[in-house]
Structures are given as structure tokens and as C-alpha cells.
Participant: 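I'd like to ask you about the structure that follows.
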Amino acid sequence: MKSQEVRKQFLEFFKSKNHSIVASAPMVLKDDPTLMFTNAGMVPFKEYFLGNATPKNSRLTDTQKCLRVSGKHNDLEEVGKDTYHHTMFEMLGNWSFGDYFKEEAIAWAWEFLTEVVKVDKDSIYVSIFEGDESEGLERDQEAYDIWTKHIDESRIINGNKKDNFWEMGAQGPCGPCSEIHVDIRSAEEKAAVDGKSLVNMDHPLVIEIWNLVFMQYNRLANGSLTKLPSQHVDTGMGFERLCMVLQGVQSNYDTDVFTPLMREVETITSSKCGETEETDIAVRVIADHVRAVSFSIADGQLPSNTGAGYVIRRILRRAIRYGFTFLDTKEPFIYKLVSTLVNQMGDAFPELEAQKNLITNVIREEEASFLRTLDKGLILLDNVIANTSGDTVSGDKAFELYDTYGFPIDLTALILSEKNLKLDEAGFEAALKEQKDRSRAATKVETDDWNILQEDSEEEFIGYDTLEASVKITRYRKTESKKDGELYQLVFNLTPFYPEGGGQVGDKGYLETPSGEVVYIIDTKKENNLIIHLAKNLPRSTEGTFKAVVDVKQRSRTAANHTATHLLHQGLRKILGTHVEQKGSMVHSRNLRFDFSHFSKVTSEELKEVEDFVNARIRENLSLEEQRGISYDQAIQEGAIALFGEKYGDAVRTIRFGKSMELCGGTHVKNTGDIWHFKITSEGAVASGIRRIEAITSDAAKDYFTSETEAYNQVKATLKGNQDPVKAITSLLDENAALKKQVEALIKEKAQNLSGDLAKEFEDIDGVDFLAKKVDLDAGAIKDLAFKLGENKDNVFLLFGTEQNGKALLSCYISKELVASKNLNAGTVVRELGKHIQGGGGGQPFFATAGGKNPAGIDAAIVEVKNYLV
RNA sequence: GGGGGAUUAGCUCAGUUGGCUAGAGCGUUUGACUGGCAGUCAAAAGGCCACCAGUUCGAAUCUGGUAUUCUCCA
């Protein structure tokens with residue numbers, strides 16, 4: 001069965017059991033501080049399990065793209081070495097939110113596996129939770145009893161808390177789970193060793209394919225468990241593993257999920273799997289990583305040097321490195337795999353198809369850049385080797401290459417071993433650990449437990465309609481970090497504060513108690529759909545009602561910028577073309593930033609057109625038309641623009657100004673006229689194929705024009721009212737350059753003349769042309785003069801003294817030939833004469849200077865210098 | 001968010017413990033050789049050594065800050 005068919009069968013099966021099929025959520029997360037990527041099927045539904053929101057249907061099914069690069073069983077560095085670990089994988093899931101429980105979950109899982117896709121019943125084992133005394137938890141007898149209706153008792157295994165009790169995190173919903181394992185070994189192997197004994201033993205052919213989690217408890221902050229008011233089912237089946245079982249192969253990489261990519265890698269690199277272990281690993285690594293990276297870029301997460309983007313960069317670089325080392329690829333090639341991937345998965349994930357060009361370009365650019373880094377690193381490593389005595393390269397040096405220049409440590413190790421050198425690995429690890437500890441210490445945040453004042457299921461956001469409200473604090477907690485110090489996080493029953501999201505900054509403002517006490521809200525954020533207000537301190541009493549007031553000025557400026565962002569988006573699509581897609585935005589009160597896909601520089605004419613377009617919409621005084629709570633499908637049908645990589649709920653909000661219509665949760669002006677004016681302040685590239693525009697509106701635009709005009713007027717005034725300042729300045733610059741040259745020439749000439757005059761003053765002492773004199777020149781001129789006098793002569797000894805700003809300066813020049821023949825040294829001369837001017841100095845043997853604070857001593861020095869020659 | 005680098009001619013980069021009036025290759029311009037091109041040879045132009053402070057007799061070089069950029073960690 002083809003993988004595409006497997007996916008379809010699964011979703012259709014659960015649809016027939018009254019589940020709604022939902023699209024995969026983005027792989028990259030935006031409002032969860034504890035997680036960067038969706039690493040399990042349940043992540044997009046966290047808010048439902050936490051009770052912060054309710055799904056439209058209590059039964060859902062989906063295939064979720066997931067990314068795992070760390071964790072106890074999945075280290076990035078291990079992927080590719082075996083046949084069943086991946087960075088990116090799909091998780092098929094069926095979900096019950098307070099609906100069906102163990103009975104149906106188990107029955108349907110069994111039905112799907114054995115009747116729909118027809119997995120051999122005799123290869124299946126299931127496990128149930130055996131109980132745990134320390135937690136006071138009993139064996140999951142209920143699951144056991146249900147399973148016995150489907151499968152022989154001998155195939156049911158007890159599992160411990162580690163394997164069979166699932167928890168979302170340190171706190172929150174949790175419960176026992178039941179795993180389904182499949183043994184796909186050959187008949188001989190099965191006869192030799194009982195499959196039951198290999199379950200959960202990391203055997204590559206006796207594997208867990210499906211985990212059914214029964215959420216029935218809630219883990220409290222103090223570690224104790226309470227029963228959940230309603231019970232949920234969360235299941236996750238590894239899509240690639242299921243394909244392996246159904247396609248009768250023994251490696252995920254031998255399924256049609258991976259084979260097209262792997263064949264393409266072989267073709268492009270002229271390599272062949274099965275020849276060496278290293279080639280096999282490299283091909284698997286590349287096939288796996290190109291998927292992870294492509295899907296991330298499609299979700300709007302580009303490779304970068306911080307945060308989630310850095311994780312993506314690391315994955316891609318690992319693939320490049322394997323190609324570089326084991327497949328001998330010295331040119332970008334991974335980008336060529338994108339079209340294979342799109343052909344294969346574009347149907348199930350339309351975002352891939354839509355973003356194909358961008359993905360290809362970004363990967364190619366990233367490859368080229370890393371190959372340059374490798375080239376530089378190779379040169380640096382050669383230097384390190386050349387400067388290493390003995391046969392061991394120090395860990396510090398290797399770490400410097402890695403940390404500062406991005407040269408991979410395994411490549412260093414490989415090259416050293418080829419040259420019969422050793423690497424001090426312990427030293428490297430120690431340096432790495434030090435760096436990690438430093439980073440951790442710098443970002444450590446201590447979070448206390450929530451203090452619940454009031455149970456309140458959902459916090460209502462009323463900030464679209466009002467900026468002031470009477471609110472109650474429902475819970476609060478304290479956090480402490482090195483950066484911000486102590487902060488309090490407050491949650492209200494309802495709030496007018498807009499939380500950071502959709503590129504828009506969170507609101508600021510204050511809380512006021514009836515007695516007049518004021519607590520400032522310095523920022524508002526969203527965490528798992530919960531709106532959190534940050535304050536430096538708590539009110540004296542957290543009980544009672546507060547007047548919550550949003551900072552109007554910041555909000556209205558931000559709203560103007562946000563609406564302008566929509567108009568800019570519209571203008572760019574109109575003027576540059578509909579290939580323009582939003583790739584990120586940052587809306588502050590001060591300015592706005594808009595990143596979008598476009599493959600060449602935006603010309604200044606185009607920028608002006610865009611600016612004019614936006615300003616025309618502003619002058620049209622378009623009113624805000626807002627729709628709340630309409631369905632996603634309907635919004636799209638009406639022409640609203642949705643963003644890739646954004647997670648949308650079932651009910652969405654649309655914002656329309658004239659012909660601009662977007663799905664958006666942000667705050668906007670009532671009328672485009674409120675923006676006053678729109679002005680682009682910069683345009684540039686942020687990555688291959690991504691441009692960034694920064695712009696300002698309203699007050700900021702006015703201030704901008706005021707100050708620019710003022711500066712311009714000053715320029716004009718300085719130019720005495722010249723009508724064409726640009727021309728005037730250009731000619732001034734030209735003139736200035738010409739004058740500089742003239743002055744230079746004159747100074748040379750002057751030095752020439754002066755040296756001519758001074759040459760007449762030379763005193764012949766024992767065949768040496770000697771001159772000691774006080775002159776009125778600066779240090780540079782004296783140097784010039786001395787070299788000029790010494791030119792074409794080999795017997796010159798000069799000492800010049802000068803007084804500059806109350807300080808004394810002595811300069812001594814001695815022809816190189818004299819230095820050698822008479823064993824003289826200008827450095828020694830000035831150092832010794834320096835005592836007369838209460839200073840010191842030095843230089844080279846043939847030219848040296850000394851400075852001091854006693855100008856009166858210059859004459860004495862000039863007299864004494866003769867002693868060096870007689 | 002926390003570290004570590006880098007920034008020198010149009011481009012790619014050297015520049016040792018602070019000290020020769022800052023160099024190379026490529027490119028540009030000019031000239032010579034050649035019937036023309038390619039090429040070879042010769043010469044020239046091209047630098048606020050990122051910016052701002054500081055230390056020093058003296059800073060491309062050392063210190064602090066700013067900007068840009070690369071890189072590692074979180």
C-alpha cells in the first residue's frame with residue numbers, strides 16, 4: 001500500500017467514526033515558551049486539554065507533521081545511523097475531548113490495524129500500564145479487560161510508569177497509555193526468539209507503532225494527582241513506521257516515503273547505497289533532513305542564527321556535512337531534492353507546492369554559505385595543525401574553530417585522524433560544557449506555581465472594543481530571571497490588553513485599585529491561549545476589582561502601523577505580483593517591519609509606487625470592516641488572505657479595508673484616514689528570496705518629515721540659499737578632493753624646499769651630515785621632513801625638537817648605513833635625551849620619537865645629542 | 001538572551017611583541033609588442049585601515065563603546 005493511500009485510509013476510517021478531519025498544524029510554534037516545534041501529535045491541542053479553549057467537535061483526526069531534534073530517544077546526531085529515527089515525521093492521531101474513552105479507542109485501533117490495513121494479528125503485541133505504588137496508581141485493568149476482547153492474553157504486556165504512563169509536562173493532564181507493538185522479523189527469527197521479550201527493547205524490527213493515551217488525571221504543582229472532570233483520548237501512530245509494516249520492508253527508509261528522495265540523492269551525487277555503511281548513513285541523513293528543512297521553511301521558519309531558525313540551520317548543515325564528507329559533494333545539491341519532495345508530498349501538504357521556489361532558493365543559498373564556511377575552516381585548521389607541536393591538537397583550538405568559525409567538530413576529528421593526529425576530545429567537551437552553562441545561567445527563569453484566586457474557565461479578550469474595563473485577578477505567579485529580575489504574571493477574568501501575537505506587540509498600561517493604587521502592566525503575552533499580564537509588582541491586595549487601562553497612545557500608534565502593514569501587503573501584491581507572501585512582520589508603536597517573499601531588490605520606483613498606493617488608500621478614508629467568529633472556510637471563500645505557518649482555529653476574524661482582506665487577530669484603526677501618512681524608511685534582504693521593508697506612519701511620519709525638512713533647510717542655509725543643493729554639494733566634494741591633492745602636493749613641495757634649506761645647515765662631524773634643530777612643525781611633518789633629508793644619502797644624523805600644546809617632542813633620524821657602521825640607535829638616543837624633557841619614547845633604530853612634558857629641555861637635548869657622534 | 005570572531009584598495013585577502021610614509025592577487029586605466037582579438041610585458045590610478053572615544057612619544061595593531069556581519073550555545 002502506497003504511503004499516500006495509508007494516510008488517506010486512516011483519516012477516512014476515523015471520519016467514518018464521526019471524527020472531523022483537521023489539517024496538520026504548523027510544525028513551528030509561536031506562542032509556547034516551553035517548546036519551539038510541534039514534537040508530538042497532541043501539541044496543537046494542548047489548549048483543549050488544559051481547558052483554555054474548546055474544540056468545535058469533540059472527535060478529531062489528523063496527520064500532524066512533527067519535528068524532534070532532542071530528547072532521550074532522539075538526538076539529532078543519531079538520526080540516519082539507524083533505520084527508524086527521524087527529525088521530521090508524521091503522526092496520525094484520533095482525538096476525543098471528553099467524548100469516547102478506552103472502550104472505543106482500543107476497539108477502533110484494533111479494527112483499523114487488523115481489518116482496514118490488515119496487519120497480521122499474530123505480529124501484534126499490546127502493553128498496558130501495570131500500576132505504580134509510589135504514585136498510588138493501580139494497574140489499568142479496564143484497558144486490559146477491553147484488550148482481551150480483541151487479542152489473546154499472552155500478547156498483552158505489563159508496562160511500567162516510564163513506558164506506559166504519559167504526562168504532558170511537569171504539571172497538567174496525564175494518564176495511563178496502551179501501546180501497540182508490531183514484530184516484523186522473519187519467521188525464522190520469530191521462532192528463535194520470542195517477540196514478546198523484545199518489546200520496548202529498542203529492537204529495530206519489534207517496534208511501537210501506536211500509542212493510545214487515556215487522559216484521566218491532572219498532575220498538580222505539588223506532584224499529586226487528581227481525577228480530571230472529563231476524560232480525553234490522545235493517540236499517536238508513527239506514519240513512517242506504519243508504512244514500513246504495510247509495505248513489508250524492514251526500514252522506514254525503504255518505504256516510498258523516503259525511496260524517491262534517496263534514489264535522487266544517489267543520482268545527483270553518483271553514489272550507491274549498499275556499498276559502504278557511511279554512504280548509506282549519508283544518504284539517509286540527507287533524505288531525512290531535506291524533509292524537515294523544507295517543511296519548516298514552508299511554515300515560515302527560515303534558517304537563521306537564533307532560536308528555532310538556528311535549529312533548522314543546524315539540521316540542514318548536518319546534511320551538507322554528510323554530503324561533503326561521505327558523498328564528496330563540494331557544490332550545493334540538496335536544493336535539487338525539493339522538487340522530488342514536492343511531487344511526493346505536495347498533495348497532502350499543499351503549502352509545500354505553494355512555497356516550492358522559496359524553499360529551493362533558501363536551501364541553495366544556505367548550502368553555498370555553509371560550503372564557504374567549510375572552506376575557510378579547512379584553511380584555519382591547516383594553520384592550527386601547522387602550529388601544533390606534538391601529535392595532539394588542543395580541545396581549545398578545536399573548540400575555537402567550532403564555536404567561532406562554525407567548523408564542525410567531527411570534520412576536525414576526521415581530518416586529524418587522516419593526518420595521524422589526535423584531538424583532545426575531553427578538552428573540547430569541557431569548553432563546550434562551559435559555554436552551555438554560561439548560556440543557561442544567562443537565560444534561566446524560575447517560575448513559581450500559579451496562585452489560583454478564582455476558577456474561571458476562559459479568560460475573555462475585550463480589547464477590540466474597549467481599552468478600559470473592570471477586571472478581577474483570577475490567578476498570578478512570580479517569575480525570576482537574570483535579565484528581568486522579579487516579575488509577576490497576572491491573569492484576569494476578562495481583559496482589554498492585547499497580547500503579543502501576529503507580529504503585533506503586547507499592550508502596556510496599568511491596573512488601578514479603588515483606593516487609587518496603581519500597578520503598571522509592562523507587557524502582555526499569550527501562553528497556550530492564556531493572556532498573561534506582566535507587572536513588576538503586585539497590588540497590596542489581589543482581591544476585588546481593578547480598573548484595567550490600556551496605554552492609548554501606544555495602542556493607537558500600533559494600530560495605525562498594523563493597518564498600514566495590511567495595506568502594504570496589498571500594495572506589494574498589486575505592484576510586485578501575487579508571488580509576494582508575508583513571511584513575518586513586527587508591528588510596534590514606533591515603526592513597522594514587513595518581511596515578504598520576492599526574488600529581487602525592490603527598485604526605488606517600485607517602492608515609491610507602493611508608498612503611493614498605501615497613501616492613496618489612506619486618503620480614501622476606508623472604514624474598518626471586521627468579522628468575528630466566522631468559519632475559516634468561509635473567510636477564505638470571501639477572499640481573505642491567510643498566512644502560511646500560522647495556526648488558525650475553526651472560527652477566525654477577518655479584517656477588511658476596501659479590497660484588503662486578511663485573517664488577523666490584531667488591533668486596527670477604525671478608518672485608514674487615522675494613519676495620516678505612510679513612509680517607507682528602508683528596504684533590504686533578510687535571506688535569499690526574502691525582502692524586508694521598514695516603514696513609519698502617523699506621528700512618527702510627521703516627526704520624520706519635520707526633522708528631514710529641518711535638516712534640509714539647514715543644508716540649504718549653509719549653502720547660502722543655493723537652489724540646487726545636490727549639485728552644489730557634488731561640486732563642493734569634487735573641489736574638495738582636488739584641493740586635497742593640491743595641498744598634498746604643496747606640502748611635499750614645501751618639505752622639499754625646507755629640506756633644501758636645512759641641507760645647507762648640515763654640519764660635517766667626522767664624515768656624518770649632522771643637524772640638530774628646533775622647528776615649528778607637527779610630528780607628521782617632521783617625519784616627512786626627516787625622510788626627505790635622508791633620501792639618497794647614507795650618512796645623515798638628525799634630531800628635531802618641537803613644542804606642541806605645551807608638550808615637547810624629539811624626533812631622531814639616522815641613516816640605516818650609519819646605524820650599522822657606527823652602532824647607533826635612534827631609539828636609544830631619544831630615550832636617553834628624553835630625560836631632558838621629562839618623558840620617554842622609542843621607535844626603530846633609524847627613526848624614533850620621544851615625548852615629554854618639559855619643553856624647556858628641548859634646547860639641552862639639542863646640545864647634548866652631538867655627544868653621540870664625538 | 002549569553003559567548004566568540006570579523007570589518008584594511010572595486011573584489012578576495014596579507015599585515016609578527018604597537019614602530020619602514022599600509023601591501024599582494026584579481027579587476028580598472030594607460031602604454032608597448034601584435035595585421036586585429038586573445039595574450040605577454042611595463043606603468044599608473046585606487047585607502048578617514050567600519051565609526052566614536054581612550055591609552056601611548058607613536059595605534060590598522062591595545063582598551064571601552066557603537067554599527068554591520070559571521071558563528072556557537074540557550
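Quick note on labels: first sequence line is chain A, next is B, and so on, each numbered from 1. Just so it is clear, the structure is predicted and the values come from calculations on it, not from any experiment.
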Participant: Please give the distance between the C1' atoms of rC52(B) and rC11(B) as a whole number of Å.
Facilitator: 28 Å
Participant: With a 4.0 Å cut-off on heavy atoms, is Gly841(A) in touch with a base, just the backbone sugar-phosphate, or nothing at all?
Facilitator: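 It contacts base atoms.
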Participant: Find which nucleotide of RNA chain B each of Ala786(A) and Ser439(A) is nearest to by heavy atoms, and output the residue with the more 5' nucleotide.
Facilitator: Ala786(A)
Participant: Does a donor on one side chain sit under 3.5 Å from an acceptor on the other, for Ser682(A) and Glu694(A)?
Facilitator: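 Yes.
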Participant: If the P atom of rG18(B) is compared with that of rU63(B), how far apart are they to the nearest Å?
Facilitator: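 So the two P atoms sit 11 Å from each other.
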Participant: Would you indicate what Gly834(A) reaches in the nucleic acid, counting non-hydrogen atoms under 4.0 angstrom: base, sugar-phosphate, or nothing?
Facilitator: nothing
Participant: Students often mix this up, so state it plainly: with edges at 30° and 60°, are the rings of Tyr402(A) and Phe399(A) parallel, tilted or perpendicular?
Facilitator: tilted
Participant: Are the ring centres of Phe370(A) and Phe324(A) closer than 6.0 Å?
Facilitator: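 No, they do not, as the ring centres are separated by 6.0 Å or more.
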Participant: Output the rounded distance in Å from CD1 (Ile837(A)) to C1' (rC57(B)).
Facilitator: 8 Å
Participant: Heavy atoms only, 4.0 Å cut-off, all strands: where does Lys853(A) land among base, sugar-phosphate and nothing?
Facilitator: nothing
Participant: With a 4.0 Å cut-off on heavy atoms, is Gly843(A) in touch with a base, just the backbone sugar-phosphate, or nothing at all?
Facilitator: base
Participant: NA contact type, Arg314(A), heavy-atom cut-off 4.0 Å: base, sugar-phosphate, or nothing?
Facilitator: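 If one applies the 4.0 Å heavy-atom cut-off, Arg314(A) turns out to touch the sugar-phosphate alone, with no base involved.
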Participant: Please assess Lys583(A) against Arg692(A) for the test side chain to side chain contact (heavy atoms under 4.5 Å, CB included), listing each intermediate value before the final yes or no.
Facilitator: CA-CA 9 Å; Lys583(A) 285 294 158 204; Arg692(A) 169 172 293 173; over 6 Å; no
Participant: Sticking with atom P, work out how far rA59(B) lies from rG3(B), rounded to a whole angstrom.
Facilitator: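 Going atom to atom, P in each nucleotide, I get 31 Å.
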Participant: Check every strand shown and say whether Gly842(A) touches a base, only sugar-phosphate, or nothing at a heavy-atom separation below 4.0 Å.
Facilitator: base
Participant: Which whole number of Å gives the distance between the P atom of rA24(B) and that of rA45(B)?
Facilitator: 12 Å
Participant: At 4.0 Å (heavy atoms only), tell me whether Arg831(A) reaches a base, stays on the sugar-phosphate, or touches nothing.
Facilitator: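 Contact class for Arg831(A): none.
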Participant: Please classify the nucleic acid contact of Phe787(A) as base, sugar-phosphate, or nothing, using heavy-atom distances under 4.0 Å.
Facilitator: base
Participant: Applying a 4.0 Å non-hydrogen cut-off, can you work out what Thr306(A) is touching in the nucleic acid: base, sugar-phosphate, or nothing?
Facilitator: base
Participant: For rC48(B) versus rA32(B), give the span between their C1' atoms, rounded off to a whole number of Å.
Facilitator: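 Each nucleotide's C1' atom is 37 Å from the other's.
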Participant: Identify which one of Leu423(A), Leu432(A), Leu401(A) satisfies the side-chain contact (heavy atoms from CB on, under 4.5 Å) criterion when paired with Ile409(A).
Facilitator: Leu423(A)
Participant: Classify the ring geometry between Tyr868(A) and Phe797(A) as parallel (under 30°), tilted (30 to 60°) or perpendicular (over 60°).
Facilitator: parallel
Participant: Return whichever of Gln844(A) or Thr373(A) has its heavy-atom-nearest nucleotide of RNA chain B closer to the 5' end.
Facilitator: Gln844(A)
Participant: Distance check, C1' atoms only: rA9(B) and rG23(B), in whole angstrom units.
Facilitator: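 Comparing C1' positions in rA9(B) and rG23(B) gives a spacing of 10 Å.
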Participant: What nucleotide, of rC13(B), rG2(B), rC72(B), holds the atom closest to the side chain of Arg317(A)?
Facilitator: rC72(B)
Participant: Rounded to the nearest Å, what distance is computed from the CD atom of residue Glu366(A) to the P atom of nucleotide rU71(B)?
Facilitator: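 Going from CD in Glu366(A) over to P in rU71(B) covers 7 Å.
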Participant: So, Asp288(A) versus Thr87(A): side-chain donor-acceptor pair below 3.5 Å or not?
Facilitator: yes
Participant: Identify which nucleotide among rC57(B), rU71(B), rC13(B) has an atom closest to any side-chain atom of Leu809(A), counting heavy atoms from C-beta outward.
Facilitator: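 Per side-chain heavy atoms of Leu809(A), the pick is rC57(B).
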Participant: For rU28(B) and rU69(B), measure between their C1' atoms and round to the nearest Å.
Facilitator: 28 Å
Participant: Checking contacts here: which listed nucleotide (rG3(B), rA74(B), rU21(B)) is nearest the side-chain heavy atoms of Lys783(A)?
Facilitator: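 That would be rU21(B).
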Participant: Determine which bases of RNA chain B form Watson-Crick or G-U wobble pairs with both distances under 3.5 Å, and write the result as a 5' to 3' dot-bracket string with | for other-strand partners.
Facilitator: (((((((..((((.....[...)))).((((((.....)))))).....(((((..]....)))))))))))).
